[in-house]
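Since the structure comes first, as structure tokens, the remarks are kept for the end.
All chains are named by letter (A, B, ...) in the order of the sequence lines, taking the proteins before the strands, and each is independently numbered beginning at 1.
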Amino acid sequence: MGEKAFFINEKLCIACGSCRTACKLWNNLPKEAEPDQPHKFTISLWSRVNYFEDGSAYHEKCRHCYDAKCVASCPENALFYQDGFVVINKDKCIACGKCETVCPFACVMVGNLPGESKKKAHKCHACVIEADSKPHCVLNCPTGALIFGNRRRIISKALKLRSEYSSKGEEYVIEGISGDFQMGVITLKKKRDEKKLSLSSSASNEKFIYSLVLRSVPVLRPVRRHIYDFISKMLS
Amino acid sequence: MNRRDFLKLSAAFGAAFAAGGVPYVFNRISPSKKLRFAEKIPSLCLYCSAQCRVNNYRKNGQFISIKGENSSALCPRGLSIPGLLNSAKSVFRIKRKNSTTWDNIDINKAVEFSAVKIKEIRDRDFQSTENGFIVNNLKTIASVMGSSLSNEEAYYITKFMRTLGILYHGSETLLSHDSASECLKDAFGLSASHTDIESMNDSCVMLIFGADIAMNNPSLVPQILKAKKKGTFIICVDPVSTHTSSLADIHVRIVPGTDYFLLGALINYLLKNSFENKEFLLNHTDASFLTDSVMGGAYRMDERGYPESDDSMRRENSVLSLLSKELASYTPEAAVSACGIDAGVFLAVSEKVSMCNGKTKFLSSVFGGSFCDNSRGFSSAWLLSVLHILGGNVSLPNAGIAWLKSGGNEQGVFDFAPGWAEYPGMIPLPDLSSRNPESDAKTYERNNTSQYDTSIRADFSNSVSALMRAFYTSGNDIMRDSFEYLPKRFGRISTDDFNLKSGSGFFSAYFLSGIDVSSSVFNDLMKNALKSDFVFISSDSPDSDKIIDSFETSGADIILFTAKNRSAKKGSFTDSFRRIKSIRGFGDEPSESDFFTALADRTIKLYESKDGRFPDPLMKSRLRIQSDFIESMRSEISGISEGKNIKSFAGGSDKKLICANRFYAGYAESSDFHKDFFWPQNRRAVFFSSEYIPSDSVRYKNYEKNNSKAVFDLKTVPFASIVSSFLKFNNNLDSFYSVKNNSGIIVIPAGDKISSMPTEALCSEMFGLPVAEIPAYFSDIPNYSRIILKSGDKQIACLVLKKNNSKEIKAGDRTLYPVKVYAYGGFNPRPDYRIFYAEIVKGV
């Protein structure tokens, strides 16, 4: 897996929305049909700002999970890892919609953008290739609430900040570094009553077997789809 | 984000998408691949006062991306600029009289049409002499420059307008940011009252009043965070909890509209505990001057004509003691109860603010539009400037006031200060109404040269010479040769004057260049302008024609130029350290400068064909346009800034850091602040009832010597903008509060001239009463009387005032009372610092 990661710090976010606009500018995405309701991802909205009633907010995008269900579930291997981030190969995508249903964060959307003939899956692709460059959303965050860098350093920073905030009596949680959810996007956010996301036991088994069988044996990758179906059947 | 911004943004995206061809690449886009072969164009963001420096990227004629300079972050509005640039076009359109359609025309036709109009009006109305003086002025054309012009454009348009002889030539700021500019200019000087937030990193305390920076200027947040990191104590004064307040160290949640009370209490605290910067006050302000207690408005002069001063500054009639007397009622206890804050919070704030002595620790303030755009706004802005002056926290790199409403400075993006009666560089137009009419160069020089000031005015003749050399000729004795070409005025030219004339249909033509017609500030101006004979409008908004159509437009010939916005222009601007920064333009679309240069060329040719009257300033002017006029003008401006033409303009020891017109700011980076820079006259801490203008000091003496002349002169009162005024007698600043206790005075306008003013809103705000009940309310109160103000036979306004004052004077058979008038212009209130004498009409 890659060593880079995003870091989102809710404490510093001022909800200006630069990340959202920057993403659209860089990727030539069209405007939203319903601009007043930016509270969910759409095919043309890959990064957004999560607003809360108390005025706080934080940036949200595809988490780039290390063992992403969308990657595992893709029958055509259109979703794959590049530099540690989950990206889509548009030529392979058949718009089956499996990734959309399995994503626990509803970050992947299937549909067709204006100017496209066929439906495709769309999501954040962490627009960075060169070593010294940064994604456009990160470049345009004025406060440093959204940064990009070495994953290990970011984790240590997140832990440090959480203890710093807790010493002031503010409870924060870190998303993306626990055992089940190793992610390319690490979020330090306020503790709220949210539905706890966890993989079911069968799913974790599935994941374990999947990783054991497929990751370790690259030769099997072309027939991954069949093996995946086989394992699922076995488990069910 | 308001509706307009949103429309722009959505238009931007739509256009970007439509223009992009292949809109979307599925794999990740490499930055170097996307921006390869793209032209990088440095520019300025056009949206807010943060004035971010940006780099536009253009490829195949389309703007594909934008980045902040040095990879700094941009806000969503700034990021939408490529789309705006792709959709905007520079087009000239014309709408004839009584027509309903717009026709596209090319620049030559627009120029021809305008030039003919100018000549027609100028031949009719140009005055070469008036009252026996050479005046060379043209009063019936008005010009307003908006903040989207560049330095060179503003300079060139000013040059053209002034050589035509136009008197009413001013900037957008004078109309739209009246209260703040009026309040701060006396204290700080017009072109120097704004300090960039970027320069405030090192200040000790930063006061933020009513400006939600995180919401409106997100790209300034890094500066605040940087300051916070360096140890700046950030105090946010805001009734509501915002993202900005969450960044602050203390959030002072006051009752809305009580900013001035908090500021008054802070000043009171400073004065009572002697925390003021005495050295600064003695050397750079009039705090130690003694005033004439009877007249209340003039300094006490010694035999030589110098004001008497007292170094302790605590004598009874000194300006500082008057100030502390004025603010005596603003005790911390009163402030705590009025503002609804904890005593502990007030103490913390006052302790921090009193630490800032202007030598080692600095105070900086930021305020937004909501701070001064209410009925108490001028008090707030004035008190804020007093607070800064008391500590000497003025115009230093780390100390100053930033107002986040217009462009980077209060004029917008250009650095010139086109006041109604000023040349570039704040050189006043010659005035023929004073006792020594400035009808020749020597009097002009003498009247404007200060005897005891080490400022620009000490070298006034040099600065005027440089100006006239730039404007007219390059002879040996410039003062003598060119003086009579300068347009001259009679008396003061003010915004009120302009508004009054504009409302009464005085002007035949308007040149509104670089303004934003959709701004509500220009509603009245647009209404009036479109009733005139001819209007030239250049505007940023792509949908300007629709906005203009929403007014009644049958009367005027309108030429509309929808210019590409500021980001697409050539020009030079200044960065936060006041160095000239050149911005490269795109160069393929006409801009305002092209229009005005062509117009000047054409106008001169029209006059050449006729044996023009002499001396016609236009024929002598140096308006001949070379192809590279921008470059020559840039060198002219930077030449001035480097002290080439006018040596005394350079304030610092190394003469490098001074630029454009900011030389008046005396802006120096060196640590030895008070030694290195000069204080122009207009930067004195003018206590509002102690205005002192050396050339005008005669005015005050008149009160003593000839009472009949000092009678309330209706010509000098800005009635056009009076909605409500209050008069003060017992040295009581908080009239708005005391009115409720039957001890204040209010002016209620009457008569049809000013019936359109929002009296109702103001009265209901002040009294909580519907407007119909106001007269009854006053007639029931004993001890009140009214002053009827008449212009000729017409009743213009009536003042309701308290009778029991003791300072009346006898003028013949009439009894006159001192009346301090604060003029209000709607919700852009502005103070008038004068004391008038008025007659009370009894029995009303």
Side-chain angles (χ1 to χ4, degrees), chain A residues 11-32 35-36 43-44 54-57 78 82-83 85 87-93 113-116 120-122 124-130 132-146, chain B residues 1 6 9-34 50 52 64-68 71-83 212-225 240-247:
Chain A
K11 179 95 173 169
L12 287 176
C13 182
I14 56 169
C16 65
S18 287
C19 41
R20 186 178 182 270
T21 317
C23 174
K24 294 223 166 202
L25 178 74
W26 187 254
N27 294 305
N28 283 346
L29 293 171
K31 67 171 181 175
E32 290 302 301
D36 290 327
I43 47 167
S44 55
D54 60 344
S56 57
Q82 191 177 338
D83 305 340
F85 296 102
V87 293
I88 302 170
N89 186 341
K90 65 165 183 175
D91 299 331
K92 286 187 181 175
C93 180
L113 289 167
E116 262 181 52
K120 300 282 172 192
H122 304 275
C124 163
H125 52 217
C127 37
V128 58
I129 289 175
E130 278 124 44
D132 54 342
S133 71
K134 284 179 179 174
H136 223 53
C137 51
V138 174
L139 279 176
N140 284 292
C141 181
T143 60
L146 174 61
Chain B
M1 185 190 281
F6 170 70
L9 201 65
S10 37
F13 283 130
F17 182 68
V22 181
Y24 169 61
V25 186
F26 279 82
N27 283 321
R28 282 179 277 171
I29 304 161
S30 154
S32 61
K33 198 176 170 188
K34 178 161 181 172
C52 296
I64 52 168
S65 186
I66 188 167
K67 277 185 176 181
S71 297
S72 60
L74 292 177
C75 70
R77 284 176 296 178
L79 284 164
S80 71
I81 286 178
D212 188 358
I213 295 169
M215 186 53 136
N216 302 316
N217 315 81
S219 45
L220 286 179
V221 173
Q223 302 299 335
I224 292 182
L225 290 175
V240 290
S241 181
T242 60
H243 283 289
T244 316
S245 69
S246 68
L247 296 173

Fill in: Atom group of A/Cys16 that falls short of 4.5 Å from chain B, counting heavy atoms
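Backbone plus side chain of A/Cys16, per the 4.5 Å heavy-atom cut-off to chain B.
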
Item to complete: Heavy-atom distances under 4.5 Å only: say whether A/Cys19 touches chain B with side chain, backbone, both or neither.
Response: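 Neither part.
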
Worksheet item: Rounded to the nearest 0.5 Å, how far does OG of B/Ser80 lie from NZ of A/Lys24?
Response: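 Going from the NZ atom of A/Lys24 to the OG atom of B/Ser80 covers 13.0 Å.
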
Item to complete: Look up atom CD1 in B/Ile224 and atom OG1 in A/Thr143, then write down how far apart they are to the nearest 0.5 Å.
Response: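 Taking CD1 in B/Ile224 and OG1 in A/Thr143, the distance rounds to 11.5 Å.
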
Worksheet item: Looking at residues at least two apart in the chain, or sitting in another chain, which of them share a side chain to side chain donor-acceptor pair (under 3.5 Å) with B/Ser65?
Response: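 In terms of side chain to side chain donor-acceptor pair (under 3.5 Å), with neighbours along the sequence ignored, B/Ser65 is linked to no residue.
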
I need the minimum non-hydrogen distance between [X] and [Y], along with the two atoms involved.
X        : Y        : value
B/His243 : A/Ile14  : CD2-O, 3.5 Å
B/Cys75  : A/Ser18  : CA-OG, 3.1 Å
B/Pro222 : A/Pro142 : CG-O, 2.8 Å

Discussion item. Which residues pass the side chain to side chain contact (heavy atoms under 4.5 Å, CB included) test with A/Cys124, not counting sequence neighbours?
Written reply: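 For A/Cys124, the residues satisfying side chain to side chain contact (heavy atoms under 4.5 Å, CB included) (neighbours in sequence not counted) are A/Trp46, A/Lys61, A/Cys62, A/His64.
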
Practice prompt. Counting only heavy atoms closer than 4.5 Å, note whether B/Ile66 contacts chain A via side chain, backbone, both or neither.
Written response: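 Contact with chain A is through both the backbone and side chain of B/Ile66.
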
Worksheet entry | Max heavy-atom pair count under 4.5 Å with chain A, selected residue of B/Thr244, B/Leu247, B/Leu74, B/Ile64 |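 Between B/Thr244, B/Leu247, B/Leu74, B/Ile64, the count favours B/Leu74.
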
